[in-house]
Asks: 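Take this structure, written in structure tokens, and hold onto it; I'll ask about it next.
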Amino acid sequence: MSPAGPAPARRGAPDILLVLGSIGSIQVSAAVATKMFDEVGAAGATLVRTVLAAAILLLLVRPRWGAMSAAGRRAVLPYGLALGVMNLAFYLGIERVDLGTAVAIEFLGPLTVGAVLARRPRDRVWVAVAALGVLALTEPWSSSGADPVGVAWLLLAALCWGLYIPLGARSAAQLPGLEPVAVAMAIAALVALVPGVVDGGGELVDPSVLGIGLVTAITGSVVPYSLEQLALRRIAPGAFGVLMALEPGVALLAGLVVLGQAPQLLGLAGIGLVVAAGVGVTRGSAAAPAASGAPLP
């Protein structure tokens, strides 16, 4: 009997739930995190979140750098750098751009990774559809369009999100359990250290800031990145990337409910195009084999 029968389908269901749980958690966290911006700025909020998340993960996981193999250290260092720049760039982006639009722009990263790894010419069309959706969201031709500086930060975040997928898979293949995400989060905190201190100053230790930071650390870092790290061990990197197809829609909902950011009709159409592109690539990649350690491109 072919191994592509019911058994793999049953195995895939909880794997997909890991990714969906990550999506919901991180988007609510991003919406809540904006409430720190007035006190400590976007870079300060990034620092508070990543430091607290790193502290929690290091206490729970207790990785030992000296005990890691050389291959493990080489794998986790670029993973942590990509994670750190991604977090910082994304927060600097959502300081200027609505959450739904921001995530749609950032989503270009994993969508492109999924299309490239699928190696099918038609998936390039889906990437073009997503780009068209982002244009509808940002309206660069209009004076009321998205802030260009915010868009630039989000494009950098998109690049890092795309890199995060294969780098995370490589780290998961080299290091056990949640060691990769714990060490990577500590590296990410170092990335945000200087800009965060400059931006936030003494307000970084304000109790209200630390309280919000703790919530965002758990819901925006500890929970989603741990779920994603587990998923990366079971799902091929290309399939993992395109399973994020619902992310822009969830972000739009979080922005509406938590922040009151109501999209216009053109923005809704743009989100629809981005999600449709993700679904289009996902349908073609659903049969990609999942393997322990997540195969690399």
Side-chain angles (χ1 to χ4, degrees), residues 16-34 86-87 89-115 123 125-140 145-147 150-165 219-220 224-225 227-228 231 238-286:
I16 293 173
L17 290 178
L18 290 173
V19 180
L20 294 179
S22 169
I23 290 173
S25 182
I26 203 167
Q27 294 312 322
V28 171
S29 168
V32 172
T34 61
M86 179 179 72
N87 276 295
F90 180 69
Y91 271 36
L92 289 169
I94 62 173
E95 190 177 31
R96 297 169 174 266
V97 176
D98 285 356
L99 185 59
T101 300
V103 174
I105 297 172
E106 194 189 23
F107 182 66
L108 290 176
L111 178 65
T112 302
V113 167
D123 288 328
V125 176
W126 285 120
V127 174
V129 169
L132 182 63
V134 168
L135 286 175
L137 282 161
T138 56
E139 299 182 56
D147 183 286
V151 171
W153 281 119
L154 291 164
L155 288 173
L156 175 59
L159 173 63
C160 292
W161 195 3
L163 293 172
Y164 164 85
I165 296 166
T219 61
Y225 293 140
L227 291 176
E228 287 178 10
F240 173 86
V242 297
L243 275 174
M244 297 289 183
L246 292 178
E247 187 113 19
V250 175
L252 180 72
L253 183 60
L256 175 63
V257 173
V258 180
L259 303 174
Q261 296 175 344
Q264 296 181 346
L265 185 60
L266 188 59
L268 286 172
I271 289 286
L273 287 174
V274 174
V275 172
V279 171
V281 180
T282 300
R283 287 182 63 188
S285 302

Asks: Give the minimum heavy-atom separation between Val151 and Ala146, together with the two atoms involved.
Replies: CG2-CB, 3.8 Å
Asks: Would you say that Asn87 contacts Phe90 through its side chain, given a criterion of any heavy-atom pair below 4.5 Å between the two side chains?
Replies: no
Asks: Which heavy atom of Val274 sits nearest to which heavy atom of Pro248, and what is that distance?
Replies: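 Looking at all heavy atoms of both residues, the closest pair is CG1-CG, 3.8 Å.
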Asks: How many angstroms lie between atom CZ of Arg96 and atom CD1 of Ile94, to the nearest 0.5 angstrom?
Replies: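 Arg96 CZ to Ile94 CD1: 13.0 Å, rounded to 0.5 Å.
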Asks: List the atom pairs, with distances to 0.1 Å, where a side-chain N or O of residues 98-113 and a protein N or O form a donor-acceptor pair under 3.5 Å, not counting sequence neighbours.
Replies:
from	atom 1	to	atom 2	distance (Å)
Thr112	OG1	Leu108	O	2.7

Asks: Taking atom CG of Asp147 and atom OG1 of Thr138, what is their separation to the nearest 0.5 Å?
Replies: 11.5 Å
Asks: Evaluate the side-chain proximity of Thr219 to Val28: yes if any heavy-atom separation is below 4.5 Å, no if none is.
Replies: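 The answer is no; the side chains never approach within 4.5 Å.
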Asks: Shortest non-hydrogen contact from Trp126 to Ala277?
Replies: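 So the two residues come closest at O-CB, 3.2 Å.
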Asks: So, does Ser25 use its side chain to make a donor-acceptor pair with the main chain of Ser22 at under 3.5 Å?
Replies: no
Asks: Could you give the distance from CD1 (Ile23) to CG (Leu227), rounded to the nearest 0.5 Å?
Replies: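 CG of Leu227 is found 10.5 Å from CD1 of Ile23.
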Asks: Can you tell me how far apart CG (Leu154) and CG (Leu159) are? Round to the nearest 0.5 Å.
Replies: 12.5 Å
